[in-house]
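A short worksheet on the structure shown next.
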Amino acid sequence: MQGYSLVAPAKINLYLEIIGARDDGYHELAMVMQSIDLADQVDVVANGSENIRVQCDNLEVPGDKTNLAYRAAELMAKQFPEQFSKFGGVDIKIYKRIPVAAGLAGGSTNAAAVLVGIDLLWKLGLTKVEIEDLGATLGSDIPFCVAGGTAIATGRGEQLSEILGLDNIYIVLGKHRSLSVSTPWAYKTYRAMYGNTYPQDTETLTARTSSVHSAPMIKAIVHKDAREISQQLHNDLEKVVLPEFPKVLELREALTSSGALGAMMSGSGPSVFGICESLEHAESVKQKVRATIPDQDLELFTTQTIPQGIHMSDFT
Ligand code: ATP
């Protein structure tokens, strides 16, 4: 059976500013998203049947229709019924390395890989933008996961403008295995606490959007200046997640006191990353964090920024 093995990288948010509420119930955001080399492997293989099947080696991840990767395949089948009946269904195998429910877009990147894999398998010849647009109907982070690299994301997070890829910035990433933060909870709580500061009309929302504060971060990225990037890290959701999850705050503080240039929670957490100067520096920060928080529930990774999203595995 024909198939493709794809690398599906996680993302971190170097910048996340909440601008206000939108009419569709989502938040208007200004973010800087970054791919990292912590990645899942997603195999998409033609199965010669009419079925879509998903399997994952991590039991926390659903193996049914609620898996975002399944929903991506279902979307393709609906969108391209002729190719679906010609080529048949797919078996999707996910080898999970990205921590689940961590603010690292693990589900979204799996869905992005399935969209790319089926495009190849069914010889659709879609452009990257066409795949991103399909992905946006399933989840706001999916378009970025398709494209990857470094991008400014606005709207719900689905409107992208790519900036110069930021590769080889070393990062220590930590997540407590038993801790998860619901993204809807984080935004709902933020709205309850800060909703009164949101712009009340479209005009003010537009004005606030054009005065977002991410410009110094973008300048630092263009200069590949890890120190300056560390100074400009920002995530509004820390205001609601850190007080509620002391372990996340403890990890953030441990990264800073262990010598990371800067540390911040990614997305709605609970993963926290620290920026480092080199691989050696990252290894030393990781060891110091481990000594500060000896809890075996805490998973620590050394990773680096990469300039790409979904791509073919070297092993095919
Ligand atoms: P985001 O950063 O986009 O908010 P996340 O990294 O916080 O995402 P995910 O790892 O995508 O969160 O998991 C969120 C929930 O989605 C999990 O609790 C899981 O049950 C469900 N889920 C569905 N499909 C997947 C998948 N392919 N991989 C991981 N989780 C999935």
Side-chain angles (χ1 to χ4, degrees), residues 7-16 31-41 97-99 102-106 109 144-145 147-152 162-176 214-235 238 248-267 269-296 298-311 313-314:
V7 179
K11 63 86 188 158
I12 54 172
N13 299 90
L14 296 173
Y15 189 92
L16 192 162
M31 301 190 285
V32 178
M33 320 264 271
Q34 174 64 56
S35 302
I36 55 174
D37 74 353
L38 177 64
D40 293 340
Q41 180 188 323
R97 286 196 58 226
I98 304 172
L104 300 170
T109 194
F144 173 75
C145 292
T150 314
I152 302 167
E162 279 178 49
I163 45 181
L164 195 73
L166 183 70
D167 49 350
N168 298 118
I169 300 280
Y170 287 91
I171 279 168
V172 175
L173 182 84
K175 194 224 167 221
H176 289 86
S214 58
M217 169 58 87
I218 292 155
K219 197 170 155 205
I221 290 170
V222 170
H223 289 116
K224 296 195 179 227
D225 183 341
R227 272 182 193 277
E228 190 54 28
I229 291 169
S230 304
Q231 295 302 308
Q232 299 300 335
L233 296 171
H234 178 85
N235 183 349
E238 284 195 336
V248 182
L249 179 61
E250 182 193 31
L251 173 58
R252 191 188 194 281
E253 286 173 353
L255 279 159
T256 313
S257 66
S258 300
L261 300 175
M264 206 181 61
M265 187 179 82
S266 179
S271 64
V272 181
F273 64 89
I275 296 189
C276 299
E277 267 166 316
S278 62
L279 178 59
E280 295 71 36
H281 182 212
E283 292 296 350
S284 133
V285 168
K286 190 167 94 171
Q287 272 180 22
K288 287 181 186 157
V289 172
R290 175 59 72 211
T292 312
I293 310 176
D295 185 353
Q296 285 310 309
L298 175 65
E299 263 186 303
L300 289 169
F301 304 85
T302 306
T303 178
Q304 62 175 309
T305 61
I306 53 167
Q308 58 187 342
I310 304 302
H311 56 282
S313 159
D314 290 340

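All values below come from the heavy atoms of this structure, side chains included, with hydrogens, waters and symmetry mates left out. We count residues from 1, following the sequence as given.
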Closest approach of [X] to [Y] (non-hydrogen atoms, all atoms of both residues):
X: Ala260; Y: Val285; result: N-CG2, 3.9 Å
X: Ala105; Y: Cys145; result: CB-SG, 4.0 Å
X: Ile293; Y: Ala254; result: CD1-CB, 3.8 Å
X: Gly174; Y: Leu300; result: CA-CD2, 3.8 Å
X: Leu233; Y: Ala263; result: CD1-N, 3.8 Å
X: Ser266; Y: Gly103; result: OG-O, 3.0 Å

Checklist line | Spacing of CD belonging to Gln232 relative to OH belonging to Tyr15, to within rounding of 0.5 Å | finding: 8.5 Å
Report yes if some heavy atom in the side chain of [X] is under 4.5 Å from a heavy atom in the side chain of [Y]; otherwise report no.
X: Thr150; Y: Glu162; value: no
X: Cys276; Y: Glu283; value: no
X: His223; Y: Ile229; value: no
X: Thr303; Y: Ile12; value: no

Do [X] side-chain atoms and [Y] backbone N/O form a donor-acceptor pair below 3.5 Å?
X: Asn168; Y: Gln304; value: no
X: Arg97; Y: Gln41; value: no
X: Gln34; Y: Leu14; value: no
X: Asn13; Y: Leu16; value: no
X: Asp40; Y: Ile98; value: yes

Checklist line | Stepwise side-chain contact (heavy atoms from CB on, under 4.5 Å) check, Ile36 with Lys11 | finding: CA-CA 6 Å; Ile36 55 174; Lys11 63 86 188 158; over 6 Å; no
Next item on the list: Could you walk me through whether Thr302 and Ile171 pass side-chain contact (heavy atoms from CB on, under 4.5 Å), step by step?
Entry: CA-CA 6 Å; Thr302 306; Ile171 279 168; over 6 Å; no
Next item on the list: Determine, step by step, whether Lys224 and Asp167 satisfy the side-chain contact (heavy atoms from CB on, under 4.5 Å) criterion, reporting the C-alpha distance in whole Å, the side-chain angles of both residues, the deciding distance to 0.1 Å, and the verdict.
Entry: CA-CA 9 Å; Lys224 296 195 179 227; Asp167 49 350; 3.0 Å; yes
Next item on the list: Any chance you could lay out the side-chain contact (heavy atoms from CB on, under 4.5 Å) test for Ile163 and Val222, step after step, and finish with the verdict?
Entry: CA-CA 8 Å; Ile163 45 181; Val222 170; 5.5 Å; no
